[in-house]
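What follows is a set of notes on a single structure, which appears directly below.
For reference, positions follow the sequence shown, starting with 1. Both backbone and side-chain heavy atoms feed into the values below; hydrogens, waters and symmetry mates do not.
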Amino acid sequence: MTTVRSLLFVLWLYLSMALFAVGLSPALLLPYRAAMTVIRMWARFVLFGLRWIAGVKVEFRGLEHRPTGAALIAGKHQGMLDVIAPFAILPDNCFIMKKELMPLPFFGWFAWKTNMIAVDRSAHSKALKDMVRQARARHAEGRQILIFPEGTRTEVGAAPDYKPGIAALYRDLDAPCTPMATNSGVHWPAHGFRRYPGTVVYEFLPAVPAGLKRAEFMAQLEERLEGASTALLNS
């Protein structure tokens with residue numbers, strides 16, 4: 001039954017992308033907030049299908065710590081759902097994403113229109129500088145910048161490997177950093193098509209204050225983010 005429900009949900013997911021891309025593509029000709037509304041509607045549409053088709057409920061916790069203005073958010077990344085769900089709860093979400101995703105239909109089109117931060121990771125130091133430059137502009141616009149410190153999806157239980165990008169943003173923006181823990185990989189794994197029934201939790205944690213030295217910041221962020229994500233796995 002899990003296999004059948006998973007296949008039906010995958011069909012729902014990709015059909016929804018086509019439906020929104022074609023049916024609501026005129027939003028690409030309007031101001032970016034119209035396109036952001038389309039993405040937010042799509043995210044909620046996906047979460048609806050995830051619950052009622054695959055039996056996976058998404059719950060948001062720690063909303064008292066959720067930033068609504070200009071902010072830096074560091075999220076645990078265990079699967080594709082982590083790219084979708086935040087749009088349902090953050091008012092003006094802005095992702096750090098791989099530049100090679102930009103040409104993709106729907107996802108790339110709307111990412112371009114809504115000024116997501118696209119980074120060419122093969123460019124190394126140049127990519128880091130470009131990411132910081134774009135993040136500074138988005139932060140000045142009052143957006144919530146979401147970065148995955150590990151840079152890519154990781155398997156549940158894998159040892160963390162935080163990249164320097166999060167430290168660069170924290171230093172340059174001179175802003176607090178809100179960790180966002182999750183157990184999403186248990187129910188929507190990084191690889192494969194199966195979705196396992198249960199509850200995915202996204203938990204906003206108290207922000208790491210601005211102004212810390214790099215080593216102290218990275219230690220605090222990893223301790224909070226990994227500790228809370230592990231606790232969700234065991235809950």
Side-chain angles (χ1 to χ4, degrees), residues 7-50 53-54 58 67-68 70-73 75 77-123 126-148 150-153 165 169 180 182 184 188 190-191 193 195 200 202:
L7 287 171
L8 288 174
F9 172 72
V10 170
L11 182 62
W12 170 281
L13 174 65
Y14 287 103
L15 284 177
S16 74
M17 292 177 71
L19 174 65
F20 277 76
V22 176
L24 298 178
S25 58
L28 295 170
L29 303 176
L30 300 174
Y32 97 89
R33 290 196 178 277
M36 183 63 74
T37 298
V38 171
I39 297 175
R40 190 173 295 113
M41 290 169 55
W42 174 70
R44 292 171 179 167
F45 191 78
V46 171
L47 297 189
F48 176 84
L50 186 62
I53 298 173
V58 175
T68 54
L72 175 63
I73 302 173
H77 192 19
Q78 298 178 343
M80 182 180 174
L81 182 59
D82 307 331
V83 180
I84 301 171
F87 284 106
I89 198 68
L90 293 172
D92 203 357
N93 187 27
C94 180
F95 267 104
I96 310 288
M97 59 182 286
K98 295 184 293 186
K99 192 171 185 177
E100 54 262 39
L101 296 177
M102 294 300 281
L104 294 179
F106 178 70
F107 190 87
W109 302 343
F110 280 86
W112 167 79
K113 181 64 181 182
T114 54
N115 294 319
M116 298 299 160
I117 299 173
V119 177
D120 180 4
R121 294 193 297 184
S122 65
K126 181 179 181 297
L128 189 62
K129 291 178 182 178
D130 186 48
M131 179 185 71
V132 169
R133 178 187 59 78
Q134 292 183 68
R136 194 182 302 132
R138 302 290 83 78
H139 192 263
E141 294 167 357
R143 301 184 67 178
Q144 300 86 52
I145 298 169
L146 176 55
I147 182 172
F148 299 122
E150 294 165 283
T152 190
R153 294 172 291 180
L169 291 181
M180 185 181 71
T182 191
S184 63
W188 186 324
H191 305 287
F193 71 92
R195 311 291 181 257
V200 169
Y202 288 96

Decide yes or no on side-chain contact (heavy atoms from CB on, under 4.5 Å) for T182 and L81, but give the supporting numbers first.
CA-CA 10 Å; T182 191; L81 182 59; over 6 Å; no

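- Checked by atom type and distance alone, the side chain of R40 never pairs as donor or acceptor with a backbone atom of A88 at under 3.5 Å.
- Residues I96 and Q134 are not in side-chain contact: their nearest non-hydrogen atoms beyond the backbone lie 4.5 Å or more apart.
- The salt bridge (charged side-chain N to carboxylate O under 4.0 Å, His left out) pairs that include a residue from residues 14-35 are R33-D92, where partners are two or more places apart or lie in different chains.
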For side-chain contact (heavy atoms from CB on, under 4.5 Å), just list the numbers for L50 and I84, CA-CA rounded to whole Å, side-chain angles, deciding distance to a tenth of an Å, and then say yes or no.
CA-CA 11 Å; L50 186 62; I84 301 171; over 6 Å; no

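- Between the side chain of R195 and the main chain of A54, no donor-acceptor pair closer than 3.5 Å is present.
- Looking only at distances, no side-chain donor or acceptor of D130 sits under 3.5 Å from a matching main-chain atom of K126.
- Taking CD1 from I145 and CD1 from I117, the interatomic distance works out to 4.5 Å, rounded to the nearest 0.5 Å.
- Q78 places no side-chain N or O within donor-acceptor distance of the main-chain N or O of A190, the cut-off being under 3.5 Å.
- Listed by first then second residue, pairs satisfying side chain to side chain donor-acceptor pair (under 3.5 Å) with a partner in residues 105-119 number zero, not counting sequence neighbours.
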Which pairs of donor and acceptor atoms, one on a side chain in residues 15-23, lie under 3.5 Å apart (sequence neighbours left out)?
{"from": "S16", "atom 1": "OG", "to": "W12", "atom 2": "O", "distance (Å)": "3.3"}
{"from": "S16", "atom 1": "OG", "to": "L13", "atom 2": "O", "distance (Å)": "2.6"}
{"from": "S16", "atom 1": "OG", "to": "W42", "atom 2": "NE1", "distance (Å)": "2.9"}

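- Of all non-hydrogen atoms in V119 and A127, the two that sit nearest each other are CG1-CB, 3.6 Å.
- One finds the CE atom of M131 at 14.0 Å from the CE atom of M97 (value rounded to the nearest 0.5 Å).
- Between atom NE2 of residue H139 and atom CZ of residue R136 there is a gap of 11.5 Å, rounded to the nearest 0.5 Å.
- Scanning both residues, S184 and G79, for their nearest heavy atoms gives OG-N, 4.2 Å.
- Between the CD1 atom in I147 and the CG atom in L169 there is a gap of 4.5 Å [rounded to 0.5 Å].
- Taking CE from M180 and CD from Q144, the interatomic distance works out to 11.5 Å, rounded to the nearest 0.5 Å.
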Under the criterion side-chain contact (heavy atoms from CB on, under 4.5 Å), I'd like the reasoning laid out for N93 against I39: C-alpha separation, chi angles, the key distance, then a yes or no.
CA-CA 10 Å; N93 187 27; I39 297 175; over 6 Å; no

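- By the ring-ring contact (aromatic ring centres under 6.0 Å, His included) test, F95 is found to be paired with F87, F148, residues two or more places apart in sequence or in another chain being considered.
- Applying the salt bridge (charged side-chain N to carboxylate O under 4.0 Å, His left out) test to residues at least two apart or on different chains, none of the pairs has a partner in residues 7-17.
- By the salt bridge (Lys or Arg N to Asp or Glu O under 4.0 Å) test, R138 is found to be paired with E141, residues two or more places apart in sequence or in another chain being considered.
- Closest non-hydrogen pair, R153 versus M80, comes out as CD-N, 3.9 Å.
- With rounding to the nearest 0.5 angstrom, the CD1 atom of I89 is 10.0 Å from the CG atom of L47.
- Other residues, nucleotides and ligands contribute over 12 non-hydrogen atoms within 6.0 Å of the CZ atom of F193.
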